Q: 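Below is one structure. I have some questions about it.
Reminder, nothing fancy here: chain letters follow the sequence lines and each chain counts from 1. Since we're looking at a predicted model, the values are computed, not measured.
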Number of protein chains: 2
Amino acid sequence: MNKAIGVMDSGVGGLTVIKELMRQLPNEKIIYFADERRCPYGDKSQNQVREFTEEIACFLSAFDIKLLVLACNTATAASMPELREKLDIPVMGVIQPGSRSAIQRTNNQKVIVLSTKGTTESHAYGRKITRINRDVEVTEFACAPFVPLVESGRYHDEDEVDKCVNEVLATLKEHEADTVILGCTHYPLISHSISKFFDYNKHIVDSGYETAREVSTFLDFHDMLNTEKPEKHKFYINGDYHRFEETLNKWIPNMRYTIESVDL
Amino acid sequence: MNKAIGVMDSGVGGLTVIKELMRQLPNEKIIYFADERRCPYGDKSQNQVREFTEEIACFLSAFDIKLLVLACNTATAASMPELREKLDIPVMGVIQPGSRSAIQRTNNQKVIVLSTKGTTESHAYGRKITRINRDVEVTEFACAPFVPLVESGRYHDEDEVDKCVNEVLATLKEHEADTVILGCTHYPLISHSISKFFDYNKHIVDSGYETAREVSTFLDFHDMLNTEKPEKHKFYINGDYHRFEETLNKWIPNMRYTIESVDL
């Protein structure tokens, strides 16, 4: 089955997911949509985010994809159950894999989730984790400045990132959780500073890394894995894509792809 | 859906899988069958192992289980496709999760698989890994003495285990792979010595740890997770269960369970 996997995000965050998808599943072709025009999603209402996500799902479905990955935590929190009902292809989000990885890795049953305001307020992580394992204690924490920091490209400036991380996470410094979920796909681009803030002594769960693994599990179990390496991956962006492409080339160098502006 | 998960192994190896199942999915009830009478499977023919596995699957299916886990690499290698066709419940093995975890964790694309003779000769790991990602180089290596070492209870004697591990793995000492799959569910009971042999500088993949995670992925995706903690787990053994129970109580202390001898 040589169909593609559709992946959506509000911007560049989903690149942390597809980088892992391409590394773990090199035979899979990716069709990616970045909603740069309406980014960030974190401060929009759940209804708005759901509407955007459904629109993008509809766009991507037109390419005969075999699976849709919501590579955005805010979109996953807002839209998963509805999208699963509406689409006739399977839909995977990033919250479930991140939750499961935290349950797997925590030894003291205490987990911090760093995410956008939207994801934090939805309590999607807290609900998912305790639904699977109610012995785990979850602290959900909103980090509004992180997405703009990454989208603006300033994530390369280590001093600036350290400063921002130190300010935003200050009250968590002494938290006893042994595991931290990066509950937004933009955060792996600043994960080094987050790790450093916690003195490198917490497990850091990267939802991209984990989602790629679960996509592999799902496709393999249902015998839907591709057998040949794809020619090129495909990117669609609503609006000017130059800044996006800069991050894309830095984050995933040497990838063969095409990119196109669309009016969505 | 408060049905149980059926789990089978040739002996105590599958306990490394259910320990993780119970830790990651505390609401799930386990019904376990240990084929102590015919253990070890590693030196039996594929046909024999397939026959044993089908017989046990048939026995466990009678308890209205929702999922069958083959917690034995040799049984997985010999029986997976046939069992999936025969049973009307989903079947998960340990080779697929271990393979995926190795793909996820290796950085230099070189992986060693330690397993029984039966698993090694089946090339089930090599095939699965390269099917998903042909860039990964797989070295499959049979370790016949490890299962008897564990089943006899001698895995507590660190000196004896170190000696055995050093002898069996000697030719792998300088191998450049960065990741080692414990491709037999008995091996996690001696994983410390294996890790030590490789100077603690390789990723060690424990198929139990990984299988529990994938069971969670599967049950969650298909909305089949239990919501209440089970009263007691259930163990069936063909023959005398005293030595089995000793390992059970050491490996998973404080578990509530019943155990019964059956004639299979």
Q: Does any N or O in the side chain of R134(B) come within less than 3.5 Å of the main-chain N or O of T227(A), such that one atom is a donor and the other an acceptor?
A: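 Yes, the answer is positive, given that a donor and an acceptor are paired below the 3.5 Å cut-off.
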Q: Does Y209(A) offer a backbone N or O that forms a donor-acceptor pair with the side chain of Q104(B) under 3.5 Å?
A: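 Confirmed, Q104(B) side chain pairs with Y209(A) backbone.
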Q: Counting only heavy atoms from other residues, nucleotides and ligands, does the tally under 6.0 Å from NZ of K196(A) exceed 12?
A: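 Counting other residues, nucleotides and ligands, NZ of K196(A) exceeds 12 neighbours.
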Q: Counting only heavy atoms not in K232(B), do more than 12 fall under 6.0 Å of its NZ?
A: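 Check fails, neighbour count at 12 or below.
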Q: Hey, can you tell me if H222(A) and F218(B) have their rings parallel, tilted or perpendicular (30° and 60° cut-offs)?
A: parallel
Q: Step by step, work out the side-chain contact (heavy atoms from CB on, under 4.5 Å) result for L25(A) and N133(B).
A: CA-CA 6 Å; L25(A) 296 170; N133(B) 188 332; over 6 Å; no
Q: If I measure from the heavy atoms of chain A, does S101(B) come under 4.5 Å with its side chain, its backbone, both, or neither?
A: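 The answer is both parts of S101(B).
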Q: Hey, are the side chains of I103(B) and S216(A) touching, using non-hydrogen atoms and a 4.5 Å cut-off?
A: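 A side-chain contact under 4.5 Å is absent here.
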Q: I'd like to know if R23(B) and D135(A) make a salt bridge, using a cut-off of under 4.0 Å between side-chain N and carboxylate O.
A: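 Looking at D135(A) together with R23(B), the answer is no, because their closest N to O distance does not fall below 4.0 Å.
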Q: Using only non-hydrogen atoms and a strict under-4.5 angstrom cutoff, which residues of residues 84-92 of chain B touch chain A?
A: R84(B), P90(B), V91(B), M92(B)
Q: Below 4.5 Å, heavy-atom pairs only: which of R131(B), K229(B), Q96(B) has the largest tally toward chain A?
A: R131(B)
Q: Salt bridge or not for K128(A) and D220(B), using N-O below 4.0 Å?
A: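 Counted as a salt bridge, because a side-chain N and a carboxylate O are separated by less than 4.0 Å.
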Q: First locate atom OG1 of T217(B), then atom CD1 of I132(A), and finally report the distance between them rounded to the nearest 0.5 Å.
A: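 Spacing of OG1 (T217(B)) from CD1 (I132(A)) equals 8.5 Å.
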Q: Between E210(B) and R213(A), does at least one N-O distance fall below 4.0 Å, as a salt bridge requires?
A: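 Looking at E210(B) and R213(A), the cut-off is met.
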